[in-house]
Amino acid sequence: MNCPLCAADKAQDIFRLDHVPVICNQLWPDAAAARAAPAGTVDLKLCPDCGFIWNGAFDPARMVYAPGYENALHFSPKFQAFAEELAAGLVARHGLQGKHVVEIGCGDGYMLDLMAKNGVATATGFDPSMEGQETPSATRDNVEIVGEYFRSDQLDRHFDAILCRHVLEHVDAPVPLLSDIRCAIGDRDVPVYFEVPNAGWMLDAVSMWDVIYEHVGYWSAPAITTLFRRIGFEPISVSAGYGDQFLMVEARPAAPEPYYLDAEARDIARAARTFGRAATAELDRWRDRLSSLDGNVVIWGAGSKGITFANALGDASRPLAALVDLNTRKHGLVAPGVALPVIAPEALRGISPDLVLISNALYETEITEQLRNMGLNPDFAVIVG
Ligand SMILES: [Zn+2]
């Protein structure tokens with residue numbers, strides 16, 4: 001199997017998850033629909049030459065980002081602060097006041113609205129999941145959301161910067177996407193900003209529940225640098241942010257270096273092999289622990305991590321009663337595969353959980369405090385990895 005980034009034919013097996021939901025952020029109206037949701041296999045491959053990691057069992061035909069896809073992070077104050085600082089910084093660093101900004105995969109327009117707030121002339125985004133949807137984030141006249149997949153011919157309109165956040169990891173053919181953008185820029189000096197989950201962090205932290213079917217590609221700094229340089233972008237900065245969980249690349253057009261390989265890819269390859277061994281052992285440990293447990297267990301966080309975790313447990317998911325989430329848009333819906341209901345924290349009084357599994361250690365303190373204030377006294381465990 002050839003590497004989708006550098007085309008080398010040296011793929012190595014890293015980690016495997018069977019029967020995970022194809023779209024784990026797509027919640028369903030009832031349990032029957034949730035059980036029937038499409039499932040697939042994640043078969044992680046590593047290219048030792050460029051350090052790219054991808055799902056060799058990914059089938060792009062199964063991925064359809066339709067209305068109902070819910071991937072917004074901006075209900076968290078922590079994320080809001082990150083995004084506000086990012087928007088202000090991009091406008092300031094690249095002189096984007098009064099300029100025209102395009103975002104590929106803009107979700108509900110939260111970042112577009114922040115760009116407009118910081119003084120760009122127009123902010124235009126493309127996202128097929130927003131077709132016919134309300135856009136509560138994008139309230140300004142100069143913010144436009146096109147509810148379609150991005151196509152390179154749409155870049156016919158004038159633009160001074162391109163943003164693309166949390167999209168590249170969903171793209172099975174990243175080279176053509178970057179090439180299209182590079183072609184549309186031509187000989188102009190247009191900055192681009194790409195943000196992806198940081199695979200380097202995921203490997204080092206053994207954050208195995210970030211491995212989801214929707215992510216076909218896992219981008220580390222060496223891999224994304226290789227992509228950008230080969231296509232004809234010179235990175236201005238490649239940095240980790242948001243607790244190192246995001247990888248942020250600012251780049252400008254340059255001459256392509258079609259044979260570029262990053263020396264640090266070797267470190268990523270080593271980390272990937274270690275990750276694979278540790279993740280496999282961790283999954284076995286959780287299966288053993290939950291298989292031998294009596295009582296109710298809930299998972300706090302109905303995002304991709306909680307839902308993938310629940311499904312990867314297989315038969316050991318039996319003690320799970322519900323997923324808890326702060327996002328009111330998710331309440332009353334059902335998670336795919338395991339068919340667990342998503343409930344508000346207040347509904348935990350009716351469940352009286354014996355064990356609460358916290359899917360993001362960043363929120364451990366606020367969750368334990370909230371439950372103690374509700375008079376509940378369960379055990380807590382962080383889903384490590
Ligand atoms: Zn490669």
Check this for me: does any side-chain nitrogen of one of D267 and R270 sit under 4.0 Å from a carboxylate oxygen of the other?
yes

So, do V342 and V334 sit near enough that their side-chain heavy atoms are less than 4.5 Å apart?
no

For ring-ring contact (aromatic ring centres under 6.0 Å, His included), just list the numbers for Y260 and F228, CA-CA rounded to whole Å, side-chain angles, deciding distance to a tenth of an Å, and then say yes or no.
CA-CA 10 Å; Y260 180 89; F228 273 72; over 10 Å; no

ring-ring contact (aromatic ring centres under 6.0 Å, His included) between F58 and H215, intermediate numbers included
CA-CA 9 Å; F58 185 81; H215 289 180; over 10 Å; no

Hey, does the Lys NZ or Arg CZ of R252 hover above the aromatic six-ring of F233, less than 6.0 Å from the centre and inside 45° of the axis?
no

So that I know where these two stand, are F52 and W219 an aromatic pair - ring centroids less than 6.0 Å apart?
yes

Hey, mind stepping through F309 and W286 against ring-ring contact (aromatic ring centres under 6.0 Å, His included) and telling me if it holds?
CA-CA 9 Å; F309 174 81; W286 276 114; 5.2 Å; yes

Qualifying residues under side-chain hydrogen bond (donor to acceptor under 3.5 Å, both in side chains), relative to R230, sequence neighbours excluded:
none

Does a salt bridge link D180 with R182, judged by any charged N lying under 4.0 Å from a carboxylate O?
no

How about D9: does its CG atom have over 12 heavy atoms from other parts shown lying under 6.0 Å from it?
yes

Listed partners of N377 passing side-chain hydrogen bond (donor to acceptor under 3.5 Å, both in side chains), at least two apart
R372

Tell me whether E250 is salt-bridged to R93, with the criterion being a basic N under 4.0 Å from an acidic carboxylate O.
yes

Where do A310 and I299 come nearest, in terms of heavy atoms and distance?
CB-CD1, 4.0 Å

What is the minimum heavy-atom distance between N198 and D244, and which atoms define it?
ND2-O, 2.9 Å

Y213 and P21: which non-hydrogen atoms are nearest, and at how many Å?
CB-O, 3.5 Å

Would you say D127's side chain and G107's backbone share a donor-acceptor pair under 3.5 angstrom?
yes

Between the main-chain N or O of L203 and the side-chain N or O of S207, is there a donor-acceptor pair closer than 3.5 Å?
no

Would you say that F194 contacts I181 through its side chain, given a criterion of any heavy-atom pair below 4.5 Å between the two side chains?
yes

What I want to check is whether the side chains of E195 and Y193 have a donor and an acceptor closer together than 3.5 Å.
yes

Presence of salt bridge, K305 and D210, under 4.0 angstrom
no

Can the positive tip of R188 be found less than 6.0 Å from the middle of the six-membered ring of F159, inside 45° of the ring normal?
yes

Evaluate salt bridge (charged side-chain N to carboxylate O under 4.0 Å, His left out) for D284 paired with R287, printing each intermediate quantity in order.
CA-CA 5 Å; D284 289 344; R287 282 177 178 148; 3.8 Å; yes

Does R16 have any side-chain hydrogen bond (donor to acceptor under 3.5 Å, both in side chains) partners at least two apart in sequence or in another chain, and if so, which?
D18

